[in-house]
Amino acid sequence: MSDIDLELQVNNRNVRRRAQSHQRLLDFLRDDLNLTGTKEGCGAGECGTCSVFVDGKLVKSCLMPVAKAQGTTIETIEGLAGEGMSGAGDLTPVQKAFHKTGASQCGYCIPGMVMAATSALRENPAADIEEIKERLGGNICRCTGYSKIFEAVEIARDVISGKIAATALDADGAGSSYIGNNVRRLDAPSKVSGRLRYAGDMVMPGMLHMQVLRSPHAHAAITSIDTSEAAALPGVACVITAADVPGEDGFGVFVHDQPIMARDKIRYVGEAMAAVAADDPPTAIKALSLIKVAYEDLPAVFDPEEAMQPGATVVHDYAPDNVVKHIPVRKGDVEAGFADADLIVEQTYETQQVEHAYLEPEAGLAYVDHDDVVTVVSPSQNITHHRHMLAKIIDRPINKVRFIMSPVGGGFGGKEDMIYQGMLALATMKTGQPVRLVFTREESIISTAKRHPARITYKMGLKNNGRITAVAFRMISDGGAYGLSTEGVMRKAAILSCGPYDIPNVQIDTYGIYTNNTPSGAFRTFGAMQAQFATESHLDICAEKLGLDPFEIRRINMMGDGAVTHTQQTLGSVSIGQVLDAAEQSSGWEAGAPRMRGPERSDLGGDGTRPPCTLGARFRTSGKPGRQEVA
Amino acid sequence: MLTCDQYHMPTTLPEALALWRAAPEGSRLVAGATDILPWAREGRAGHVHLPAMIDLSRIGELSGYAIADGRVRLGANVVYQQFLTDDTLRAHLPCMPFCSIWFADDQIREQATLAGNVVNASPAADGTPPVLALNGDIEIAGLDGDTVVRRSLAVADFLKGPGKTDLRPGEIVTALTCDSLEGYGGSFQKVGQRRSLVISSVCAVACIKTDPAGEVFEDVRLALGGIGPVPVRLTDIEDMLKGQRITRELIAEASSIPVTRVASRTRQDYRRTVVRGFVEAAIDDALADTGAPVPVPREREKSHV
Ligand SMILES: Cc1cc2nc3c(=O)[nH]c(=O)nc-3n(C[C@H](O)[C@H](O)[C@H](O)COP(=O)(O)OP(=O)(O)OC[C@H]3O[C@@H](n4cnc5c(N)ncnc54)[C@H](O)[C@@H]3O)c2cc1C
Ligand code: FES
Ligand code: FES
């Protein structure tokens, strides 16, 4: 690979460096100049975490070969705040406004958002809210949401133009309580300035780079893995496989059914089979292609109901029925309840697999310290449990294993599983060098846990007055190839299955089932979303059949203070009544049974709605042919 | 990851052509790199190692544009954002600002070239239908010995299918030449899964000129993208409208015809429904852009049931 002698200006400093021709501007800024405020959320132009100014124009640095930066003037998030290359100066009004409005949750998208906001206001200092939205269209946020971000840009715009005083950027007083008051986040300055380092931003001297060989098959026996050629490649420090695990191999939030890397067989597409640690990522990538794996295809099962049938393909020998967990809950007498009903409604609901899509792809850095402590730095949502599991897996006493939680660039449950920290530990133990692994977006999507897809069969008995007499709820969830959080998700789904409603007779069964799909795990609501989707949809259908207003049927059945749930929990105070009132008022609800369709509906196209497929907030049509003006 | 042995940044066309001719098989030309870099990723081409990449963005001859004899000659390095921000281009290519605003996002538009979009020959490319509507020709240069030889052909003939063009080994696209439609109204319709950064499921473009009173269609240009292997120009509908009085009925009738042109491999029913609405919307919006009165009532949904 050829090198390029680059001369350019970065954040007001002249830089002369030799770069590698395959680098993107993003790599050069992060790896060579250590300007890690510019992030890589996708590497494909889709997310905007890598936005930088090149000769005054905002571009996505993941789409720019570094050679294109020759002779240019670059400004990164670190350079916005005046002094020095790495952001030593005071925050800009845009950054201060993000701090003010709390527009920084995990913070991973925020440097890019600040850059896009800065660009929007430089291009048009008077941009209105629609134009701001349009100009920030290339940047994605997964956790703050966009309201606070847009609010921040509007405040910054007005401060910069002098329309409002700069004091608008100051903290609001917290008053006597933090509750109900606008309190600024302590960590926001580090996020809006790009100074906060996530695991993938961290470096150590002598650090190796890891790449992972992933399974192309859904279910296959591994008959052999030959790593000799890969290990012999110059620049490769080590290759690891399941054979390198010194202790008891197995992790999982509930059942420890998952090996650090596939052991004897692979159970889903994307499962780790081997990993390489090398001097640089291209060498590690090359080494992966030299690893030879021989497989013997096994029949695979992809549908959980099929997996429950006798004789189905078995995913884990310890669970011949493919059941990860079955949670049954019984209360009262459902048959009597159905017999007592005037109406019985049965329906099946399905929810799909969902990717968390946190903007920070998984990353970790591991090293063995001077006291032989195996240390793993990663955005783990579960470090204590990970530490205990890893100690067993690598056969070290617990005081020789340390986990450090790096800032989590979005997790939503998806970073609860120890799916890569073990590989890092093994590689650093084998080499004595620090080892870093940073997932690509594609790798994150293919290999990490998803929200459980569920199929829920709902049977509900009701009186004509809307009172529910009985519910039979059966949920079959696709747990995928490994247990991860499935047991807990099934339990939570069973607990929350019937929603905040007081139902005298219930029969609940939730099943988490092994298949050869991507494993399912924790995801915001932990099983409740699937159950709630079914319950609330079902209530709407029942309301329609009984001619009741959907709010009414819910009020008739809702729990009150002191209610006892079907899992025997007494609820001191129950707020569903207030929630319903608020929802009814703020939605502009038209009372009545939900029978209105299409043109009869008066809430379409009214206030607060916007027609689909409109763009062009910055066009100002002048009325003359071909004379649109652009703001 | 995309790696290469050599990354060249020639500054003249002859230099680029010589490098390109000498480049080992498998080498690639690079303009904005917004197609090439995402292509070399998992799920698409995977890790790719190229012998050479020849970056065209510093070749002076390929940048900028010139207007003469009713034609706009767009250098191959013209990027999408220019169609939005350059007053002269906006006046002469009235559909392009609307196409541009729907294209990717503000940041990618600073990098992505129209020429790269056309050469990439995606059936869903947003730039190609407008170029067809503007009677676009593509200019191509190659080397004969040490002499630069040039040829030009209609973009409609240049595109051979998804990812396939008439470009021959050793050739470089130098420009796209389009009709100057100053005085026309332009419009662009697009639908995808979201607003920014999205590949079109269907897109439609219109450029319209009316008589001074705004009552008669003097000229109409229409094209569709995303509905088959290559974008299509709707000359039959253009002919049907030209010289006619502008009425709601005529527009509705005309927009029901291209429904039969949908030849995509997937979601045909959806695309048919969209096409009808889009052709009508494209005509309406282009009329609005001319300043002519759009025949009301403009209730597309009703005229289609
Ligand atoms: C996030 C994202 C969003 C996108 N959104 C859209 C969209 O909304 N609509 C759309 O249509 N496209 C979209 N694209 C695709 C892409 O941006 C366009 O196709 C763009 O116009 C390609 O131009 P480029 O200059 O970047 O091409 P490059 O990637 O540099 O090149 C593309 C191809 O053309 C060849 N080439 C380029 N210039 C020449 C030349 N002068 N002579 C010969 N060959 C040449 C290259 O060898 C390559 O094969 C998007 C891409 C990304 C990453
Ligand atoms: S847009 Fe560049 S990393 Fe996502
Ligand atoms: S704060 Fe935007 S992605 Fe987390």
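All values reported here derive from a predicted model rather than from experimental measurement. The sequence lines fix the lettering, A, B, ..., with proteins before strands; numbering per chain opens at 1.
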Verify the distance criterion only: is there a donor paired with an acceptor across the side chains of A:S51 and B:Q107 at less than 3.5 Å? yes
Top contributor to chain A interface from B:L197, B:V198, B:I208 [non-hydrogen pairs under 4.5 Å]: B:L197
Please tell me if the side chains of B:I101 and A:R618 come closer than 4.5 Å, counting only heavy atoms from C-beta onward. yes
Minimal non-hydrogen separation, B:R41 against A:G43, with atom names: NH1-O, 3.3 Å
Contacting moiety of A:I285, where chain B heavy atoms sit under 4.5 Å: side chain
Nearest-0.5 Å distance that lies between atom CZ in A:F619 and atom CG in B:D289: 9.0 Å
Heavy-atom closest pair (A:P65 atom, B:A33 atom, distance to 0.1 Å) is CD-CB, 3.7 Å
For A:A44 and B:P38, work out which heavy atoms get closest and say how close. O-CG, 4.2 Å
side-chain contact (heavy atoms from CB on, under 4.5 Å) between A:L63 and B:I108, intermediate numbers included: CA-CA 8 Å; A:L63 293 181; B:I108 290 173; 3.9 Å; yes
Does atom NZ (A:K68) have a neighbourhood of more than 12 heavy atoms from anything else shown, all under 6.0 Å? yes
Go through it in stages, so that I can follow the logic: the residues are B:D105 and A:K60, the test is side-chain contact (heavy atoms from CB on, under 4.5 Å), and I'd like the CA-CA distance, side-chain angles, deciding distance and then a yes or no. CA-CA 10 Å; B:D105 66 14; A:K60 291 181 164 169; 2.5 Å; yes
State, with a plain yes or no, whether a side-chain heavy atom of B:D5 is found less than 4.5 Å away from one of A:S2. no
Which distance, rounded to the nearest 0.5 Å, do you find between the OG of B:S196 and the NZ of A:K133? 12.0 Å
Would you mind checking which part of A:Q70 comes under 4.5 Å of any heavy atom in chain B, side chain (CB onward), backbone (N, CA, C, O), both or neither? both
pair B:Q81-A:K57: side-chain heavy atoms closer than 4.5 Å: no
Could you walk me through whether B:Y7 and A:D3 pass the side-chain contact (heavy atoms from CB on, under 4.5 Å) check? CA-CA 9 Å; B:Y7 195 100; A:D3 291 340; over 6 Å; no
Any side-chain heavy-atom pair from B:M1 and A:P282 closer than 4.5 angstrom? yes
Given heavy-atom pairs under 4.5 angstrom as the criterion, report whether the side chain, backbone, both or neither of B:E42 touches chain A. both
Option in B:H47, B:M53, B:R109, B:H92 with maximal non-hydrogen atom pairs under 4.5 Å from chain A: B:H47
Interface residue of largest heavy-atom contact number with chain A, from B:L50, B:D55, B:V30, B:I36, under 4.5 Å: B:D55
